[in-house]
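Each chain gets a letter, A, B and so on, in the order the sequences are listed, and its residues count up from 1. Computed over heavy atoms, backbone and side chain alike; hydrogens, waters and symmetry mates excluded.
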2 protein chains.
Amino acid sequence: MTTLLNRRDPGQGSASERSPLHDDVVDQLRQMIIRCELVPGERFTEQKLVEKFGVSRTPLREALKILASEGLVEMRPHRGSSVSPISIEEISETFAVLGTLEEMAGPLVCDRVSNVDIARLERIKDEMSSKRDATDRNSYFELNVAFHQSMIALSGNAVLSATYNQLFGKLQRARYLVNDDQNRWSESAREHSWIMEALRQRDGAELSKRLREHNSRTAQAVLDKLRG
Amino acid sequence: MTTLLNRRDPGQGSASERSPLHDDVVDQLRQMIIRCELVPGERFTEQKLVEKFGVSRTPLREALKILASEGLVEMRPHRGSSVSPISIEEISETFAVLGTLEEMAGPLVCDRVSNVDIARLERIKDEMSSKRDATDRNSYFELNVAFHQSMIALSGNAVLSATYNQLFGKLQRARYLVNDDQNRWSESAREHSWIMEALRQRDGAELSKRLREHNSRTAQAVLDKLRG
DNA sequence: CATACATAGATTGCATTCAATATTGACAGG
DNA sequence: CCTGTCAATATTGAATGCAATCTATGTATG
């Protein structure tokens, strides 16, 4: 492959929708980091990445800056960039904050959620279950992201939602390392069902409780795996 | 003034501490935006900023990208950058999230805070009071930032702290527009004292409650001002 | 007179070049 | 043999130049 980029060229579609180059680089790099194709701590020279992606240093560096602001890469002046190491401490702290945000969202979501919204979430959950034996865990991952982020988005608080998504993203790598655990997998599916049940009943307090429980269990599983 | 930048040149001090150019630009621009010297919504061409700061377009653009990730500027492809408008909705939502994070921090802080920490916060609070009649509100502002951010930092959860600081930063502009209200000013000073009292007693639940109360009142004052 | 289109100017996106800094390796001194 | 210093190389930081895109003005047409 001469370039990793596979850009959508608007061609005739609604023109002027061409995305900046660095956005594509960001997306590609983010995925590679989340999927641990770039191992945590690994240092990369700009030259290597330039060759890999087939772009010049300017958009590449813009991409690195963005990923740095997301916490996925670290940049030290004059010393290059590297993939952020996975810190168990940081993972643990992130789970704690996410749990609090989910708890906050519970009542807000129940106040606003429509039947259509619930149906959408059910579909996502069911599709996730159908991927039970999936050989490729990437689609399961995407669905899990969609489930949780869609849920929080229903709170109607865009700042909450954006903050949540940002922190959620920082956990993806750690989750990825762990999601081959079949026990935790089915446990998680059950918890998703409980969560949906509370949502259908519009019981905000109960939804908060179950979200936190789910968060707590997931954190436990991820951290156990990382430590063991 | 030929350039707005006033860089610290390491000279002989611990060498190699030279910060990248764009960091200085970021700091300057951030302050100008927070202090509303650049009015919300205002569009700026890169050329203008290049002349103002005396740097080339490359570091300037890097600076804009960073501020965009902080939510202070908006960049649209091929259409340039502008100061993010202040949205009352967004301000309100941000206060809500901050309140939740402070509530989360309360018990954590009380579990870990030392007498030295408390003394440091007291000093900040007292200094803030001494700036009561300050003609320049900038130092009051800095102290208020220090008070709240130092408090949350004592939680020991670095992710919580970073998230809090980021959101706090997005509110600074709105606060700045409001802080000439003398009534709210003295009310706020009293609330700070109450907060310190709960902290001295290491009463986590009470600290959470008072932090949320303070947050709620501040939000009310800011939003009232913005609406009126 | 209003609207659509075309062209010129302005502005941003990307590539390349030049400068500053860090890293590596060799060599001299202890 | 180890350690500290200095030079050579590699790498990042900043500036400049070129190409692509948008915006604004003026003209033609209904």
Give the rounded distance in Å between these two atoms: [atom1] of [X] and [atom2] of [N].
| X | N | atom1 | atom2 | answer |
| --- | --- | --- | --- | --- |
| R61(A) | dT16(C) | CZ | C1' | 14 Å |
| I66(B) | dG13(D) | CD1 | C1' | 13 Å |
| Q47(A) | dT11(D) | CD | P | 8 Å |
| H22(B) | dG13(D) | NE2 | P | 8 Å |
| M75(B) | dT21(D) | CE | P | 17 Å |
| L49(B) | dT11(C) | CG | C1' | 13 Å |
| K65(B) | dT12(C) | NZ | C1' | 10 Å |
| L64(B) | dA14(D) | CG | C1' | 16 Å |

Please name the residue in the list M32(A), R43(A), R173(A) that meets the side-chain contact (heavy atoms from CB on, under 4.5 Å) test with V83(A).
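Single pass found, and it is R173(A).
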Quickly, which of L160(A), V159(A), N165(A) forms a side-chain contact (heavy atoms from CB on, under 4.5 Å) with T163(A)? Name it, please.
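Filter result, single survivor: V159(A).
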Which nucleotides of DNA chain C pair, in dot-bracket form (Watson-Crick or G-U under 3.5 Å, | meaning another strand)
||||||||||||||||||||||||||||||
Look at the side chain of [X] and decide which nucleotide, out of [options], has an atom nearest to it.
| X | options | value |
| --- | --- | --- |
| R43(A) | dC14(C), dT12(D), dG13(C) | dT12(D) |
| V55(B) | dG13(C), dC14(C), dA15(D) | dA15(D) |
| T45(B) | dT12(D), dT12(C), dC14(C) | dT12(C) |
| R57(A) | dA15(C), dA15(D), dT16(C) | dT16(C) |

Any ion pair linking D27(A) and R30(A) (charged N to carboxylate O, less than 4.0 Å)?
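Here R30(A) pairs with D27(A) in a salt bridge, since their nearest N and O are under 4.0 Å apart.
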S81(A): side chain to side chain contact (heavy atoms under 4.5 Å, CB included) partners, not counting sequence neighbours:
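Applying side chain to side chain contact (heavy atoms under 4.5 Å, CB included) to S81(A) gives F44(A), L64(A), M75(A).
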Using only heavy-atom distances, decide whether a donor-acceptor pair under 3.5 angstrom links the side-chain of R79(A) to the base of dG13(D).
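Absent.
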Chi angles and distances behind the side-chain hydrogen bond (donor to acceptor under 3.5 Å, both in side chains) call for D117(B), S114(B):
CA-CA 5 Å; D117(B) 295 329; S114(B) 72; 3.0 Å; yes
Which pair of non-hydrogen atoms, one from E46(A) and one from L60(A), has the smallest distance, and what is that distance?
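That would be O-CD2, 3.5 Å.
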Is the closest side-chain donor-acceptor distance between N215(A) and T218(A) under 3.5 Å?
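Absent: no donor and acceptor within the cut-off.
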Give one of base, sugar-phosphate or nothing for T58(B), where a contact means two heavy atoms less than 4.0 Å apart.
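It contacts base atoms.
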Need to verify one output field. Residue with the more 5' nearest nucleotide on DNA chain C, R76(A) or S56(A)?
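The 5'-side residue here is S56(A).
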